[in-house]
Number of protein chains: 2
Amino acid sequence: MAASTLTEVARLAGVSPATASRVLNGSARKPGKDIADRVRQAADSLGYIPNAQAQGLAKSSSGLIGLIVHDIADPYFAAIARGVQEAAREQRKMVLLATTGGAPAEEKEAVAAFAARRADSIVIAGSRSSRTEDQEDNAELAAELDRYCRNGGRVAVVGHPVVGASAQDGYHVVAVPNQELAGALAAKLAAHWGGDFVIIGGPEGLLTSDDRIHGFQEGLAKAGRAPAEILRSSFNRAGGYEAGLKLAARIKGGSTGTGEPAGPKMCIFAVNDVMAIGAAAALRAEGLRIPRDAAIAGFDDIETLRDFRPALSTVSLPLEEIGRLATRATAPLAGDGDSAPQPITGEVTLRRSTEAA
Amino acid sequence: MAASTLTEVARLAGVSPATASRVLNGSARKPGKDIADRVRQAADSLGYIPNAQAQGLAKSSSGLIGLIVHDIADPYFAAIARGVQEAAREQRKMVLLATTGGAPAEEKEAVAAFAARRADSIVIAGSRSSRTEDQEDNAELAAELDRYCRNGGRVAVVGHPVVGASAQDGYHVVAVPNQELAGALAAKLAAHWGGDFVIIGGPEGLLTSDDRIHGFQEGLAKAGRAPAEILRSSFNRAGGYEAGLKLAARIKGGSTGTGEPAGPKMCIFAVNDVMAIGAAAALRAEGLRIPRDAAIAGFDDIETLRDFRPALSTVSLPLEEIGRLATRATAPLAGDGDSAPQPITGEVTLRRSTEAA
DNA sequence: TCGTATTGGGAAAGCGCATTCCCACTTCTT
DNA sequence: AAGAAGTGGGAATGCGCTTTCCCAATACGA
């Protein structure tokens, strides 16, 4: 038994497919009440479910929102995804998910796939890369997005515009003030932390990471502090752990042999919470304690990580809201309010992990 | 400028649409090399992207996999989603996401929506409910799934079969041995824990929760221990916290006033990690320490929570693998190996949180 | 009363593609 | 060398739906 079609419903109800279509799937013209009832009854006696593909083909709009993330299991993206999902529901659309690991080439594929499915809009989350090795892929991604936009697609990207994408109609950027916030964090930290600062960053060229590093250094400078040393590693827990190990060795190297590290305590800023947690784990594994032996701060304020002890100082970002806003920005009706910059604000949240002993 | 169509490509290449279709979108018949090249060239000079909707309509299959979860931001589901996503990629399909908060009525909606989009298969993660209030919705969900299956859809459900769904062709269940594992956890815990056990469970009728509770009690019984008291609350962190507060009061109630709780220490089993973390946070907020004042164990071994201190004893579940297997089970080719039960195995993982002082 | 709007339903033409059938042509077979 | 088998391309149909256009029937004003 194949799914029943509109035509079958129409036949059962004794009307034309056109009429059936009009009553079942919202149309401007509303057929008479009696006829409508007959059709509706026929429809659910047959268990009719409209074929969205056919509908999409006919009115060239699919009711789909494409979401591109690096990794859906990363709580950062998961939180954004929840927001997107919520907004999608408001718009009565479904979300199509693509995970790319952050590679521009994959992102381009995803955009093409979304375009193929005639997704009404695309939301791209996740850091952009400005590495030279990604340059070509970025260009292709930009081209793909361009074409998608020109064909009436709407796209919103979280954080930075795609490198090389021309600002276009239907192209929105939800700007996240990474730099400012990192600066604010540095300022607050500098206010009651006398020691050196070290930054654990992602690979060079990861815009989000670079912005946060940059902002942090700026904040330090404004506070009259020397710039922090920068350790680069991968943008995830493993990267944080690895960097943490290095720092632990250094901290212990200055030890006086009493088991107590010597020298001024170090304050570590990891460019995201997950890395910070990794670094903290490494320190702990090396027998160091936080904040006794070193302070540590992250960025994002991931919900799942809030129960971590010592509580992590970080910058709270309204991730879910970001997802929601990005999605709403792509809603057709949002267009008239035009590209009013929806301002995302975060908040420096100091907790136990950076308390001076 | 609208997206270019196959016909336009064909015209540019000077061939018929049929030929163009054959060369561009895999067909059994391969046109001559020279013609193929011409077509391909025309295609990418026009930036042709096949319209997946039209393709789907024509061959009635969409290349879509529907995934139903309670909440994508819950790390449990996020992990499963990652597995699904991976498997989908293997099958060169995209995943369509629906979040339902666990309500059977919403799940039914989601299935209908997936059916409308002609998703090739549906993966349902998340606990089933057997509550009487959900009975009706469950029946409707089952009916919807039934219909979907009869129309050639394939579905896999993680954990328990949907209540009332008839075992059918194309209907797979990825069974998770919650009960056995909970029993094994109880056994191990009982082996070196003399005090009382308390279970923090989800609402009654949540099958996953009930199974874990049941299995735990069984394990206790086999070890010759009295059954544990059961506290019910919601299946998330907040629920765990709430229950933890109650338990904290109880623990402190027995206090001798020295700040040290008196009486035999209590071992808490929360039916999932997130609840366990919530409970632990509550105890800590009340000034209690783990495992000094109480032991606590969870279930799932959520990756993000592994850095939590004291390290949480739990049952490791291969969440990602579960998602992968569920998705693969719905792959057409997986059908010939028939419904060979893919056995999921977990592992009791004892860590610091249940160490006797 | 006739003629003009207006309403309400049906017929038909796509939407963009896959695919079946058909036809012209080449390559073996005996 | 003539017919059979095979090859490679095009015409046409249909997937299930929306929508424009058309037509009959009713409503209205003069």
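Rounded to whole Å, atom P of D:dC17 lies 20 Å from atom CZ of A:R118. Summarising the geometry, the separation between CD on B:Q53 and P on D:dC17 is reported as 13 Å, rounded to the nearest angstrom. At whole-Å resolution of the value, NZ in B:K33 and C1' in D:dG8 are 16 Å apart. Rounded to an integer number of Å, the gap from CD1 of B:I35 to P of D:dG10 is 6 Å. The OH atom of A:Y48 sits 7 Å away from the C1' atom of D:dG16 (whole-angstrom rounding). The distance from atom CD of B:E8 to atom C1' of C:dC15 is 13 Å, rounded to the nearest whole Å. Rounding to whole angstrom units, CG of residue B:L24 and C1' of C:dG16 are separated by 13 Å. For the pair B:L57 CG and C:dC17 P, the interatomic distance rounds to 12 Å; values are reported in whole Å.
Residue order along DNA chain D, read from the 5' end via each residue's closest nucleotide, puts B:A18 first among A:A52 and B:A18. Sequence order on DNA chain C of the closest nucleotides to B:I49 and A:D34 puts A:D34 first from the 5' end. Taking for each of A:A20 and B:S16 the nucleotide of DNA chain D with the nearest heavy atom, the 5'-most of the two is the partner of B:S16.
Using a 4.0 Å heavy-atom criterion, one finds that A:P50 contacts the sugar-phosphate atoms exclusively. Here B:T5 lies in heavy-atom contact (under 4.0 Å) with sugar-phosphate atoms only.
Close to C:dC15, at under 4.0 Å from its OP1 or OP2, lies no side-chain N or O of B:N51. Phosphate proximity of C:dC17 to B:Q55: absent, as no side-chain N or O sits under 4.0 Å from OP1 or OP2. Listed pair B:S21 / C:dA18 meets the phosphate criterion, a side-chain N or O lying under 4.0 Å from OP1 or OP2.
Residue B:R22 places its side chain closer to D:dG9 than to any other of D:dG14, D:dG16, D:dG9. Of the candidate nucleotides D:dT18, C:dC17, D:dG16, D:dG16 has the atom nearest to the side chain of A:A54. In this structure, of D:dT18, C:dC17, D:dG9, it is D:dT18 that holds the atom nearest to the side chain of A:L6. The side chain of A:T19 has C:dG10 as its nearest neighbour among D:dG10, C:dG10, D:dG16.
The shortest heavy-atom contact between B:A20 and B:A10 is CB-CB, 3.9 Å. Of all heavy-atom pairs between B:V162 and B:N138, the closest is CG1-O, 4.4 Å.
The number of heavy-atom neighbours closer than 6.0 Å to CD of A:E90, taken from other residues, nucleotides and ligands shown, is above 12.
Looking at A:R92, A:K93, A:R154 one by one, the single match for salt bridge (charged side-chain N to carboxylate O under 4.0 Å, His left out) with A:D120 turns out to be A:K93.
No donor-acceptor pair under 3.5 Å is formed between the side chain of A:S21 and the backbone N or O of A:P17.
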